[in-house]
Amino acid sequence: MKERSLVSLDSWSREDIEEVLNHARELKRRLAQGERFSFLAGKNVTLAFYEPSTRTRVSFEEAAQLGGARTHTVLAATSSVAKGESLVDTVRTLVAAGADALVLRHPAAGAPALVARHVPVPVINAGDGAHAHPTQALLDAFTLWERLGSLDGLTVTIIGDIRFSRVARSNITAFTRLGARVRVAGPPTLLPPGLEALGAEVRENLEEALRGTDVVYLLRIQKERSSAAYLPSLAEYSRFWGFNEERLALAGPKVLVLHPGPANIGVEVSAGVARSPQALFTTQVTNGVVVRLALLHLLLGGNDYASRS
Ligand code: NCD
């Protein structure tokens, strides 16, 4: 890996992404055979989470521990952040206490880039505002790559709150680098300018967006980022854009449905679609662990697998 930190995938080539995917596949295979690893032994991976999280946090903790690292998780609400300490002072404190890598989630776009300039250890962005969520994109790319063999020539349609979604931005980058065509679709108020420059095609009509797509990628409405102000109501969003059984049938029997979670059942996705075998939500979560393990190994570990018996 060229870079020490992972703030976004902007500078990542197809080969960089494939290195992580190949490595994750190898680690997944070895784990399934019962192999255990120690390539992160002696390392301390510290998570600093300034926003709610379920799967990203547990996934990073599980990945670090599978590699043999110790982990600490600092939540803003229960840390000295609540006493007024600045972000840079907090992360410097975490490094002084022994962190060999920092995993940061923050509501401000640019926070991980700022931190990476002020600490001497790798910083991994676990989601910053509406900017980027690179490890989500890597695990989503892995899920499709593992299932379909390649993303070359695939059409992926991302539906929902594109304006406030860090997942959309990172996934457009990852999917297009791997050879997929990416469409984005949603209410016009939630489609910001500049999407074409990122490599996406914009659709304002759901039926048109679904025609011929191989993958539907659903997003939650980011209420905490004020996107509710861009919509008359969630009920209307659900009626016009919610992905239900009827729309799944329109997309076809082979279409795969992804969602980064947390899903708001009954808003962007119906319970029936979420339960359908075409929905890979749980597989995405499972794959997140090995993808993050691969990434931590590449950023922190030695070259060998240094397996524990
Ligand atoms: C996403 C996030 O936090 O950006 N969740 C996740 O990490 N799996 C998506 C979301 O919150 O809607």
Side-chain angles (χ1 to χ4, degrees), residues 6-9 24 47-64 73 75-77 103-113 123-144 156 158-175 184-187 190-192 198 215-228 230-231 234 237-238 241-243 257-269 273-274 279-293 295:
L6 173 53
V7 169
S8 83
L9 296 172
L47 284 71
F49 273 45
Y50 288 69
E51 271 192 352
S53 172
T54 302
R55 62 220 89 217
T56 304
R57 173 187 157 186
V58 169
S59 181
F60 268 111
E61 288 171 348
E62 179 65 9
T73 298
L75 304 176
V103 179
L104 178 67
R105 167 166 287 197
H106 201 281
V123 175
I124 301 175
N125 182 0
D128 61 331
H131 171 233
H133 195 350
T135 61
Q136 181 69 43
L138 291 171
L139 77 88
D140 292 330
F142 180 84
T143 300
L144 292 174
V156 181
I158 304 178
I159 301 175
D161 182 357
I162 313 292
R163 179 179 292 275
F164 293 101
S165 174
R166 55 197 178 202
V167 175
R169 249 163 288 282
S170 288
N171 281 19
I172 292 170
T173 305
F175 294 159
V184 290
L190 294 180
L191 296 171
L198 288 176
V215 177
V216 168
Y217 194 104
L218 301 171
L219 294 172
R220 183 176 66 86
I221 300 295
Q222 304 281 298
K223 289 180 292 242
E224 69 276 32
R225 293 184 225 292
S226 79
S227 48
Y230 289 74
L231 286 173
L234 287 182
Y237 177 79
S238 171
W241 292 95
F243 202 63
V257 187
L258 274 67
H259 192 308
N264 282 192
I265 303 292
V267 182
E268 73 273 15
V269 61
V273 169
L280 304 183
F281 308 171
T282 315
T283 311
Q284 290 170 266
V285 175
T286 304
N287 285 338
V289 176
V290 285
V291 168
R292 290 174 174 123
L293 177 61
L295 186 70

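Atoms within each ligand, like the ligands themselves, are counted from 1 in listed order. Not measured: the values here are computed from a predicted model.
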Query raised in the report: Under the side chain to side chain contact (heavy atoms under 4.5 Å, CB included) test, which residues partner Leu234, sequence neighbours left out?
Result: Ile221, Lys223, Leu231, Val267
Query raised in the report: Taking atom CD of Gln222 and atom OH of Tyr230, what is their separation to the nearest 0.5 Å?
Result: 13.5 Å
Report task. Not counting sequence neighbours, which residues clear ring pair (Phe, Tyr, Trp, His ring centres under 6.0 Å) with His106? List them please. Result -> Tyr50
**Report entry** Option from Val103, Asn125, Val123, Thr135 for which side-chain contact (heavy atoms from CB on, under 4.5 Å) with Leu6 holds
**Finding:** Thr135
Report summary line: Contact set, ligand 1, heavy-atom distance under 4.0 Å, ordered by chain/number, equals Arg55, Thr56, Arg105, His133, Gln136, Arg166, Val167, Arg220, Gln222, Pro260, Gly261, Pro262
**Report entry** side chain to side chain contact (heavy atoms under 4.5 Å, CB included) partners of Arg105, counting only residues at least two apart
**Finding:** Phe49, Glu51, Ser53, Thr56, Ala126, His133, Arg166
Requested in this report: Would you sort out whether Glu268 and His259 count as a side chain to side chain donor-acceptor pair (under 3.5 Å), showing the intermediate values?
Outcome: CA-CA 10 Å; Glu268 73 273 15; His259 192 308; 2.7 Å; yes
